Protein chains: 2
Amino acid sequence: MDEIYVIGHKNPDTDSICSAIVYANLKGYIPVRQGELNKETAFALDYFKVPAPQILESGEGKKLVCVDHNEASQMIENWDNAEIIEVIDHHKINFNYGTPIYFHSEPIGCTGTIIAKQNLEAVKANPVLAGLLLSAILSDTVIFKSPTATEEDKAIATELAKVAGIEDMIAFGIELKTKNADVNGRSIEEIIASDFKDFDFNGKKIGIGQIEVVESAEIESKAKGIIDSLQSLKQSGYEAVFFMATDIMKEGTKLFFVGDPEVVEKAFGVKPENNAIYLPGVMSRKKQIVPNLEKAFG
Amino acid sequence: MDEIYVIGHKNPDTDSICSAIVYANLKGYIPVRQGELNKETAFALDYFKVPAPQILESGEGKKLVCVDHNEASQMIENWDNAEIIEVIDHHKINFNYGTPIYFHSEPIGCTGTIIAKQNLEAVKANPVLAGLLLSAILSDTVIFKSPTATEEDKAIATELAKVAGIEDMIAFGIELKTKNADVNGRSIEEIIASDFKDFDFNGKKIGIGQIEVVESAEIESKAKGIIDSLQSLKQSGYEAVFFMATDIMKEGTKLFFVGDPEVVEKAFGVKPENNAIYLPGVMSRKKQIVPNLEKAFG
């Protein structure tokens with residue numbers, strides 16, 4: 001039988017990595033990844049003593065299960081010469097494939113929640129799998145503060161924490177989230193690249209990066225460098241490039257950008273100043289940034 | 001609370017109608033349809049004494065659950081001004097929507113099978129709901145002869161038949177399938193239109209109709225009229241138009257068409273004669289016709 005690979009999106013986050021590892025483990029498939037681990041994910045894998053999946057460079061000729069993504073822009077190189085046998089996701093859907101496949105997506109906070117509830121008995125029997133999915137949920141829902149978070153994410157996470165032996169899951173979540181929030185020793189380019197996604201809005205290529213911090217003063221002090229960095233990214237074929245500096249304690253996002261300020265004003269109803277706007281209450285790229293930009297660029 | 005409507009595809013078949021009725025009943029939603037019932041579906045509703053859903057003319061401003069379809073070409077008018085809250089389907093996926101939603105699709109024979117297994121206890125408690133989903137499965141899988149049919153379709157149908165009080169489900173299936181197969185008193189245009197779907201293959205509009213018959217001599221004797229009818233359909237903006245005359249006993253399809261014969265030869269590896277080819281073993285538009293044509297027109 002051909003091997004089946006479980007893979008998350010480009011610039012993988014903790015959900016993409018942990019969901020791939022757990023689903024592969026449950027099904028006898030092979031977990032793989034598309035890029036480097038971020039610090040938060042590396043911490044989670046280290047905490048539960050699980051090795052990182054191998055990098056898969058190309059989908060050519062492979063059988064793939066795609067977790068935590070469904071859009072071509074998030075897929076592995078040569079995915080169109082792969083056989084996609086299944087998709088499990090929680091993002092908006094932009095998917096076109098020639099034959100019927102198993103495709104399951106829900107509007108909830110984390111792919112890991114879906115995998116946990118669909119395989120609850122198996123996951124509850126394995127503290128390591130439970131711990132990985134707990135990490136994915138705490139990460140993707142920003143410790144349940146993101147507007148994408150649902151009661152179901154919280155209920156499943158609570159069950160998983162018990163199994164994984166995590167007594168205070170909120171404290172564990174904060175420890176997890178601070179790993180990526182640490183901007184010391186990283187260049188602005190590295191910070192922007194570490195969680196950066198491409199989108200195709202009506203034929204226009206748009207890039208949106210995000211960092212979640214526990215205190216936003218330091219990242220906001222780097223505004224000029226951020227704009228310069230977005231400007232040089234834009235020259236590689238983007239219509240516009242965005243960078244979200246999201247303060248998970250204040251629960252708001254400073255959105256830096258290069259591109260047409262009128263489109264940004266149309267999208268969010270706020271007039272930009274110095275290539276940036278502040279959006280109180282905004283924490284989710286998927287739910288609060290992408291839909292607005294897709295409409296405004298449409 | 002806004003009403004939620006459950007709707008199947010254009011030119012609804014028994015799966016689109018029965019899955020909409022059952023899912024709406026289970027969830028407290030309202031079943032609707034996009035067009036006239038075919039004779040087979042009318043027979044099934046009459047058999048289980050269930051009224052036909054109302055026709056919904058426009059999706060404008062409505063909350064929709066789409067069953068048995070996900071492509072824009074199969075959706076209700078003004079679906080882009082509706083709020084799609086859920087999709088349950090078993091076709092290939094070509095779906096683009098701006099926000100995350102609940103989307104579930106499986107590569108099995110019938111949407112009704114998915115609805116039955118996801119709500120098994122509720123469906124088993126209601127002989128009418130069980131009978132409607134049984135009809136959908138027998139219809140869509142061509143009494144389990146279609147290559148889209150799986151063991152799961154058969155197992156679920158067997159359970160549903162017991163609940164619905166159908167002792168011989170195969171005999172019931174044949175009675176059901178003969179209803180649409182009766183070509184007496186119907187014009188060729190009516191026969192082609194009764195199960196006709198539009199597809200968008202790489203920007204080219206392709207139409208594919210199908211009739212399933214228990215004896216193909218009569219429909220094949222109308223070859224000239226069929227080609228003439230496809231020819232006049234083609235003039236309304238199609239790159240090519242196809243009509244499958246599928247013999248469910250012989251398990252093969254005579255595929256009539258107007259359009260480029262070289263593309264058809266490329267798609268099926270058979271040289272057309274008189275605007276037609278015979279494809280032994282071919283019964284499924286979704287699984288055996290659409291993928292080949294999509295590649296050939298791509």
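All chains are named by letter (A, B, ...) in the order of the sequence lines, taking the proteins before the strands, and each is independently numbered beginning at 1. It should be emphasised that the depicted structure is a prediction, and the values quoted were computed from it without experimental measurement.
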Give the member of A:I101, A:T148, A:I85, A:N70 that has the highest number of heavy-atom pairs under 4.5 Å with chain B. A:I101
Go through the atoms of B:H90 and report whether side chain, backbone, both or neither lie under 4.5 Å from a heavy atom of chain A. backbone
Salt bridge check: are B:K197 and B:E71 linked by an N-O gap of less than 4.0 Å? no
Contact check, side chains of A:V123 and A:L26, non-hydrogen atoms, under 4.5 Å: yes
Contact origin within B:E294 toward chain A - heavy atom pairs under 4.5 Å: side chain
Between B:K295, B:H91, B:K286, B:K287, the one whose heavy-atom pairs under 4.5 Å with chain A are most numerous: B:H91
Test: B:K10 and B:D198 ion pair at under 4.0 Å: no
In plain terms, say whether A:K145 and A:E212 are close enough for a salt bridge, that is, a side-chain N and a carboxylate O under 4.0 Å apart. no
